[in-house]
Amino acid sequence: MLFHVTMDVKIPRDLPAEERADILAREKAYSQDLQRRGKWRHIWRIAGQYANVSIFDVQDNAELHDILSGLPLFPFMAITVTPLLRHPSAIRDDDS
Ligand SMILES: O=C(O)CC1=CCC(=O)O1
């Protein structure tokens with residue numbers, strides 16, 4: 001199942017710099033592992049915002065929930081999930 005996910009990041013300004021750096025490093029490693037495993041298909045920065053648009057390819061809602069709630073930045077993000085399905089006019093074979 002494919003999901004479009006928007007993550008809007010809001011890290012508190014008073015979070016100690018060391019803690020912030022540690023969370024960001026863990027977030028990057030977590031994301032890149034999921035990308036290598038084909039679960040996190042796309043990640044795009046939204047221009048001008050500390051936010052991203054991502055496409056996830058997972059078994060079901062529960063797997064997506066587990067992945068998103070395991071994000072090191074999860075406590076500091078507003079997340080919006082939109083389920084996707086193949087459009088009948090799509091011509092690319094790898095879109096479903
Ligand atoms: O910077 C972001 O958009 C938040 C984020 C998600 C995965 C990652 O590496 O950073």
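Positions are given from 1, in the same order as the sequence printed here. Every number for a ligand or one of its atoms is a count from 1 in the order of the listing.
Residue W40 has no nitrogen or oxygen atom sitting less than 3.5 Å from a nitrogen or oxygen atom of ligand 1, judged on distance alone. Inclusion of Y50 in the set of residues having an N or O under 3.5 Å from an N or O of ligand 1 is not warranted.
In this structure, CG in L68 is found 5.5 Å from CE in M7, a value given to the nearest 0.5 Å. Between the CG atom of L73 and the CD1 atom of I79 there is a distance of 9.0 Å, given to the nearest 0.5 Å.
For ligand 1, the atoms lying closer than 4.0 Å to a non-hydrogen atom of N52 are 2 (C), 3 (O), 4 (C), 5 (C), 6 (C).
What sits closest to atom 8 (C) of ligand 1 on the protein, heavy atoms only, is E27 CG, 3.5 Å. The protein heavy-atom contact nearest to atom 3 (O) of ligand 1 is R45 NH1, 2.7 Å.
For the residue pair E27/S31, the side-chain donor-acceptor check at 3.5 Å is not satisfied. Between the side chains of W40 and S54, at least one donor N or O lies within less than 3.5 Å of an accepting N or O.
With salt bridges taken as basic N to acidic carboxylate O contacts below 4.0 Å, one links D8 and K10.
Of all the heavy atoms of Q32, none lies under 4.0 Å from any atom of ligand 1, so neither backbone nor side chain is involved. If you look at L71 next to ligand 1, there are no close heavy atoms at all, none under 4.0 Å.
Between N61 and V81 there is no side-chain heavy-atom pair separated by less than 4.5 Å.
Taking 4.0 Å as the cut-off, L24 does not count as a neighbour of ligand 1 on heavy-atom distance.
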